[in-house]
Amino acid sequence: MIQIDYQDSRPIYEQIAEKYKTLILKGALLPDEKMPSVRQLSMQLSANPNTVQRAYSELERQGFIYTVKGKGNFVRGDSFLREERLRELRQALLDLIAEAGEVGISPEELFRGIPAGGRNTAPEGGETGAGRQGGKQDD
């Protein structure tokens, strides 16, 4: 279901937690659905069980999952998670607009040419190397 990117500079536990957060927010994992056991997921990902446990602890700390002693970890099912993520994204967007303003870029200029779906990452006038780091292509 998830994969680890060994070229990603983030720690493996953060990658695991981030991918599960995305699955939960998208609704791919339903409320009260049982998560794979630490042992199962560590075998599936070829990761240390302590790494998986740390990811689960982080998910629980952030309110994405809960633990039932002797039963395992389960997806938390409240709309608070989506609302909290929306708040975080809006704040990040406001921070980006403020940063652009500090260097003389207006919000209109910043968002010009960005499609509604936000999929195109190339700046107007063509691609630069910065837009294609990591070699991933959306073709």
*For Gln15 and Asp8, which heavy atoms make the closest approach, and how far apart are they?*
NE2-CB, 3.4 Å
*Validation row: Ile16, Leu41 side chains within 4.5 angstrom (heavy atoms)*: yes
*asked:* Do Tyr20 and Ile65 have side chains that approach each other closer than 4.5 Å (heavy atoms only, starting at C-beta)?
replied: no
*asked:* Between Lys21 and Glu18, does any side-chain N to carboxylate O distance fall below 4.0 Å?
replied: yes
*Check the surroundings of atom CD in Glu33: do more than 12 heavy atoms from other residues, nucleotides or ligands lie under 6.0 Å from it?*
yes
*Does Gln91 CD have over 12 foreign heavy atoms under 6.0 Å away?*
yes
*Quick one: CG on Leu89 to CG on Leu96, what's the gap to the nearest 0.5 Å?*
12.0 Å
_Spatial distance of atom CD1 (Ile12) from atom CZ (Arg54) [nearest 0.5 Å]_ = 11.5 Å
*Would you indicate whether the side-chain heavy atoms of Tyr56 and Ser37 approach each other to under 4.5 Å?*
no
*Can you name the side-chain contact (heavy atoms from CB on, under 4.5 Å) partners of Ile97, sequence neighbours left out?*
Leu93, Pro107, Leu110, Phe111
*Are Leu29 and Tyr13 connected in the hydrophobic side-chain network, where two residues link if heavy atoms are under 4.5 Å apart?*
no
*Val38, Met43: one ILVMFWY side-chain cluster at the under-4.5 Å cut-off?*
no
*asked:* Students often mix this up, so state it plainly: with edges at 30° and 60°, are the rings of Phe74 and Tyr66 parallel, tilted or perpendicular?
replied: parallel
*Using atom types as modelled and distance alone, determine if a side-chain donor or acceptor of Lys34 lies under 3.5 Å from a backbone N or O of Lys71.*
yes
*asked:* Count I, L, V, M, F, W, Y as connected when their side-chain heavy atoms are under 4.5 Å apart, and connections chain through other members. Are Ile105 and Ile114 then in the same cluster?
replied: yes
_On a heavy-atom basis, which atom in Arg39 and which in Ser42 lie closest, and how many Å separate them?_
O-OG, 2.9 Å
_Same cluster (ILVMFWY, side-chain, under 4.5 Å), Leu45 and Tyr6_ = yes
*For Arg90, does the CZ atom sit with more than 12 other heavy atoms under 6.0 Å from it, leaving out its own atoms?*
no
*First locate atom CD1 of Ile24, then atom CE of Met35, and finally report the distance between them rounded to the nearest 0.5 Å.*
5.5 Å
*Go through the steps for Glu109 and Arg112 under the test salt bridge (Lys or Arg N to Asp or Glu O under 4.0 Å), then give the verdict.*
CA-CA 5 Å; Glu109 186 180 1; Arg112 188 177 309 128; 5.1 Å; no
*Roughly how far, to the nearest 0.5 Å, is CZ of Phe64 from CG of Leu25?*
4.5 Å
*What closest approach, in Å, do Leu59 and Ala17 show between heavy atoms, and which atom pair accounts for it?*
CD2-O, 3.4 Å
*What pairs with Glu88 under side-chain contact (heavy atoms from CB on, under 4.5 Å), at least two apart in sequence or on another chain?*
Glu84, Arg85
